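Here is the structure we will look at.
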There are 2 protein chains.
Amino acid sequence: MTEKLDRRQLRTKQLLRQALLSIVETKGFDGITVSELAQAAGINRGTFYLHYSDVPHMVESIHSEMMNGLQAIMEEVDINELFTVPVTKEPYRVVVRVLEYMELHTDYFKVTLGPKGDTSILLQLKKMLQKQMYSKLTFLFPDAEMSPFPLDYLIAYASSANIGIIQHWFETGCKLRPKEVASLMLRILQQGPRGSIGLS
Amino acid sequence: MTEKLDRRQLRTKQLLRQALLSIVETKGFDGITVSELAQAAGINRGTFYLHYSDVPHMVESIHSEMMNGLQAIMEEVDINELFTVPVTKEPYRVVVRVLEYMELHTDYFKVTLGPKGDTSILLQLKKMLQKQMYSKLTFLFPDAEMSPFPLDYLIAYASSANIGIIQHWFETGCKLRPKEVASLMLRILQQGPRGSIGLS
DNA sequence: GTTATTATTGAACACTATGTTGATTAGTGA
DNA sequence: TCACTAATCAACATAGTGTTCAATAATAAC
């Protein structure tokens, strides 16, 4: 997989990554030129093409790195537990680990999930959640007709909702600990919006 | 407001709008050139600049039109009712009207809310929902400390969740009627994810 | 430490899109 | 019909693209 070692390559890739995220933070992912990227990174414009064919290619490449990291954690998730385990002081472990991973890479996620962010990443993230939810829900409801509520809409609802919480977490500067955020997600998922604020 | 009448201007604006949405549908909002836009619309490239300064300006302009239409409807919403009125066969009226408006402009919303869509529009839409929710929730909980659940996170959750449902609605080709979608939104908002599928 | 390797640099290239201008044509409203 | 003005067409300087090549510098391996 990672069979690249030359310090020079690593250095320029790091410089490019920093430059990209810095630019994205101010003007979003659109309209970034190779020229400004190279200048911000302090490297020669031609050098960029030794690593990426294109700005979109570089963006996609960085996206993949982060998504792979998330995917590895996600694959351990067990939605069944999420739905059946009662509220405890220890929120669901894998959720916490996902949030910790995101907090570790704040520089990346705060921009991609924010207002200048990337739709495709939000979508991938949502699809990850949905995939897990779907497999577990179809286990709970082998015959889709048994559910009094269309499962696809339920999944669309719950996945978007949790992403909304994560976005708000970054938007407010990650003031809460991953554990606390996971705890909120668990409570609202179990009790629903009305129940969580104390309405009957 | 709308004091433009010349048929020629209306014609080219319509042609440009159609061309834009058609292009966006295939390659998203990014990297659209004035040249391809003019060609797709069958107008002279220079003519574009008689109407818009820029591609982003045109995009922003079309966004505003749609958002203003939504805003006018949204301002009638009464979240209080959403939270207190029991499930009836008639879902909340304003929600239905918003969904009807969106369905009327399917060509626009199916792309902007979809995978190739625009983050800023999703954000504006979410902010609209949040504004309404916030004013109503602070009415229910004048002292923010009274809520056992942080209101900002609750609002982030609920607004994203409902947008997720709308996105899924367009994603699946608007098979349900606006009334049916509004009914789903109401049920899940009241009963929560677990309650709506019949779990205790 | 020397050497072979290779990433980076800098300059040049043709190409595409930009945004603007001025003169001309053609459609519109009164 | 006629004054007005939107749309067209060609031309322009500018800026970014993606590529190539020779020269330079840093690196890894011996």
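Values in this document were obtained by computation on a predicted structure and should not be read as measured data. Sequence lines set the chain letters: A, B, ... in the order given, protein chains first and strands last, and positions in each chain run from 1.
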Worksheet item: Can you name the nearest heavy-atom pair linking B:L21 to B:D107, along with the distance?
Response: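 Taking every non-hydrogen atom into account, CD1-OD2, 3.5 Å.
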Discussion item. Give me the atom names and distance for the closest heavy-atom approach of A:S160 to B:Q167.
Written reply: OG-OE1, 4.2 Å
Worksheet item: Given the side-chain rings of A:Y108 and A:H63, with only the six-membered ring counted for Trp, is the space between their centroids under 6.0 Å?
Response: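 Centroid distance A:Y108-A:H63: below 6.0 Å, so yes.
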Fill in: Interface limits on DNA chain C, where chain A has a heavy atom under 4.0 Å of a nucleotide atom
C:dT6 to C:dA12
Worksheet item: So, B:K110 and B:E25, do they make that salt bridge, N to O below 4.0 Å?
Response: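 A salt bridge links B:K110 with B:E25.
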Worksheet item: Would B:E103 and B:R97 pass as an ion pair if we require N to O under 4.0 Å?
Response: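 Between B:R97 and B:E103 there is no salt bridge, as every charged N stays at least 4.0 Å from the carboxylate O atoms.
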Fill in: Side-chain touch B:Y153/A:L176, heavy atoms, less than 4.5 angstrom
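Side-chain contact under 4.5 Å: yes.
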Worksheet item: Can you find a heavy atom in the side chain of A:E100 that is under 4.5 Å from one in the side chain of A:I73?
Response: no
Worksheet item: Once you round it to whole Å, what is the distance between P of D:dT17 and CE of A:M58?
Response: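 The distance from CE of A:M58 to P of D:dT17 comes to 13 Å, rounded to the nearest Å.
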Worksheet entry | Gap between atoms OH and P, on A:Y49 and D:dG18 respectively (whole Å) | 4 Å
Discussion item. Across nucleotides 4-11 of chain D, 5' to 3', mark each nucleotide with B, S or - according to how protein heavy atoms within less than 4.0 Å reach it.
Written reply: -BBBBB-B
Worksheet item: Using the ring of each side chain (for Trp, its six-membered ring), is B:Y101 parallel, tilted or perpendicular to B:H105, with breaks at 30° and 60°?
Response: tilted
Item to complete: Measure from the side-chain N and O atoms of A:E65 to the backbone N and O of A:I62, and report whether any donor-acceptor pair falls under 3.5 Å.
Response: no
Fill in: NZ (B:K126) with more than 12 external heavy atoms under 6.0 Å
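Atom NZ in B:K126 is packed in, count exceeds 12.
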Worksheet item: Among residues 18-39 of chain B, which residues get a heavy atom nearer than 4.0 Å to DNA chain C?
Response: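 Within residues 18-39 of chain B, the residues near DNA chain C are B:T33, B:V34, B:S35.
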